[in-house]
2 protein chains.
Amino acid sequence: MAEKQRHSWVAIRDSIREMILNSTYGPGDKLPRDEEFAARFGCARSTVHRAMRDLAQSGIVERRRKGGTTVRRDPVTRATLNIPITRLEVEQKGSVYRYQLIRQSMQPSPPAIMANFGLHEARPMLRVEALHLADSRPYIFEDRWICVETVPEIASVDLSRESANEWLVRNRPYSKCDLRLYARTGTSTDSEILQSEVGDALFVMERTTWISDAPITSLCAVARPGYQLFTQG
Amino acid sequence: MAEKQRHSWVAIRDSIREMILNSTYGPGDKLPRDEEFAARFGCARSTVHRAMRDLAQSGIVERRRKGGTTVRRDPVTRATLNIPITRLEVEQKGSVYRYQLIRQSMQPSPPAIMANFGLHEARPMLRVEALHLADSRPYIFEDRWICVETVPEIASVDLSRESANEWLVRNRPYSKCDLRLYARTGTSTDSEILQSEVGDALFVMERTTWISDAPITSLCAVARPGYQLFTQG
DNA sequence: AAGTGGTCTAGACCACCTC
DNA sequence: AGGTGGTCTAGACCACTTG
């Protein structure tokens, strides 16, 4: 009952992971070089590399040139979140999506937004407050700041028709994304906008993106009560 | 001002992404075969493959054998969450970690847990309720169910000394992990355990893991008010 | 300065899936 | 049944980083 491919990178990854869990190699230990493993397994070095890359991405090992591969002392659980465009998220649930621009204006970035971006000086930004609705009921409220120096085209987009969320995802790739998730108690302002009760537990997602160190957008999205965020491939 | 490596997979990835954003290839369009791209770029097919794998993982394209590579119609934002062992999370903040086992008992899996695992029949499970503390203040309360058929060794672990969280992460790899995040209003039970106020907004993380279709554990972790979950590489 | 991981190549074969 | 992506190899060179 052998595997179809004897030297598949998956098999090799599992072997190495098994050794780590066996304590053949413990936390902080240095693993043999890729070439050494390749010789042991009787496969090409690139196959070991492929396996190692997977283990590194899972957070089980750390790799450094010259430094070699070491077993992480602090294993982490890594989960990938899929954050779809809000319109598609709503439509996928079979609801009717509607979008409502509440306010937009040019403002210099306030301290909180500068902190999100890691900026030391204020930059001119477009602030957009908007509401996403599902079946005419408030779904997510977003308060977004867009750096017009990085995204000058945003000025010519009609944000009352197309959401900034959608325009940016479709037109601006990002190279870095910071995400912050937490729960907040609803205020009276929240309850007005989201038609929720004061004191409801609200789910908040803050997302900040850059394209190679240039700030793109930073937003704070507040979801209606009952909202859940899932993982999924 | 040319790049050091003219045919680096990063450069090729960026070129292809650029074409997609240019609408050279629009949503739903089929991209040329890898071999075709390789010929155009004057590189090896495996280099195109490396670039494509990255684009696929970012959620920009979809690849299928024989079906070829297509531009996704519904772009998604993908973010990787790092969920450390709770003890390390606390210690990294410079706080003193403490752990307190509240209750543990063998119980057949209730419907909610069966649903998390996708089981049709109840299985014997070890239920563990425990509290993680930071500087003697409640930090996270976890209500965990462990499938003893998959993890029989758990029976011989002293869970009053080592948290199930830590033991499992260190000893049990998983092949699949479902995550669900949401906000919940604190009940009187919550307020007792977490020393919070009734009505506080609490951040809840539900996590279910399998090892190749065999259920490992399903837990519901409730964090103290003010808790935040971040991304980070 | 040298050792280790990262990348690239050219070619081969395989596995999956649509046509 | 055939086309496409996925993997594997053997070898070469490069880039990072630590001793």
Side-chain angles (χ1 to χ4, degrees), chain A residues 1-17 19-20 25 28-73 80 175 212 233, chain B residues 1-17 19-20 25 28-73 80 175 212 233:
Chain A
M1 198 80 63
E3 300 79 15
K4 305 247 166 127
Q5 282 181 275
R6 216 92 71 64
H7 296 311
S8 77
W9 67 268
V10 175
I12 287 172
R13 177 199 64 190
D14 291 346
S15 298
I16 296 174
R17 182 163 56 194
M19 285 189 261
I20 292 172
Y25 303 104
D29 284 359
K30 192 168 164 181
L31 291 180
R33 298 158 29 233
D34 288 7
E35 209 168 13
E36 164 67 20
F37 266 131
R40 278 195 218 173
F41 288 115
C43 68
R45 177 164 79 93
S46 54
T47 306
V48 174
H49 178 71
R50 182 75 179 83
M52 286 295 196
R53 185 147 43 89
D54 202 65
L55 291 172
Q57 196 177 2
S58 314
I60 295 176
V61 302
E62 264 182 348
R63 281 162 78 76
R64 258 177 308 177
R65 283 161 156 153
K66 167 82 177 180
T69 306
T70 54
V71 179
R72 282 187 67 127
R73 292 174 183 286
T80 301
S175 55
S212 57
Chain B
M1 196 84 61
E3 300 76 17
K4 304 246 166 126
Q5 282 181 272
R6 215 92 71 63
H7 295 309
S8 77
W9 68 266
V10 175
I12 288 172
R13 177 200 61 189
D14 292 346
S15 297
I16 296 175
R17 181 164 54 194
M19 287 190 263
I20 292 171
Y25 304 104
D29 284 0
K30 191 169 166 181
L31 291 179
R33 295 158 31 233
D34 288 6
E35 208 167 15
E36 165 67 20
F37 265 130
R40 278 196 218 172
F41 287 115
C43 69
R45 177 164 80 95
S46 54
T47 307
V48 174
H49 178 71
R50 182 76 179 79
M52 285 297 196
R53 184 145 43 92
D54 202 64
L55 291 172
Q57 194 174 7
S58 313
I60 295 176
V61 303
E62 265 182 350
R63 282 162 77 75
R64 259 177 304 176
R65 282 162 154 146
K66 167 81 178 184
T69 306
T70 53
V71 180
R72 280 187 68 124
R73 294 173 183 284
T80 301
S175 55
S212 59

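Chain letters run A, B, ... following the sequence lines, proteins first, then strands; residues in each count from 1.
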Whole-Å distance between D:dG2 P and B:R33 CZ?
16 Å
Please report the closest heavy-atom contact between B:T47 and B:S8, naming both atoms and the distance.
CG2-C, 4.3 Å
Within residues 50-71 of chain B, which residues have any heavy atom lying less than 4.0 Å from an atom of DNA chain C?
B:R64, B:R65, B:K66
Calculate the interatomic distance between B:D34 atom CG and C:dC13 atom P; express it in whole Å.
20 Å
DNA chain D contacts made by residues 38-49 of chain A, counting heavy atoms under 4.0 Å:
A:C43, A:A44, A:R45, A:S46, A:T47
How would you list, by chain and number, every residue that makes a side chain to side chain contact (heavy atoms under 4.5 Å, CB included) with A:A39, sequence neighbours excluded?
none
Specify the separation, in whole Å, of atom CZ of A:F37 and atom C1' of C:dT4.
14 Å
Least distance between heavy atoms, B:F41 atom then B:H7 atom
O-CE1, 2.9 Å
To the nearest Å, how far apart are A:E36 CD and C:dG5 P?
11 Å
Pair listing, ring pair (Phe, Tyr, Trp, His ring centres under 6.0 Å) test, anchored in residues 44-71 of chain A, at least two apart
none
Mind calculating the distance between CH2 (A:W9) and C1' (C:dC14) to the nearest angstrom?
16 Å
In whole angstroms, how far is the C1' atom of C:dC19 from the NZ atom of B:K30?
10 Å
Would you check, one step at a time, whether the test side chain to side chain contact (heavy atoms under 4.5 Å, CB included) holds for A:R33 with A:T69?
CA-CA 7 Å; A:R33 298 158 29 233; A:T69 306; over 6 Å; no
Do the side chains of A:R72 and A:D29 get close enough for a salt bridge, i.e. N-O under 4.0 angstrom?
no
With B:R17 via side chain to side chain contact (heavy atoms under 4.5 Å, CB included) - residues at least two apart:
A:P173, B:R13, B:D14, B:L21, B:L55, B:I60
Take the protein atom CD1 of B:I12 and the nucleotide atom C1' of C:dC8, then report the distance between them rounded to whole Å.
10 Å
Set of residues satisfying salt bridge (charged side-chain N to carboxylate O under 4.0 Å, His left out) with respect to A:R73, sequence neighbours excluded:
none
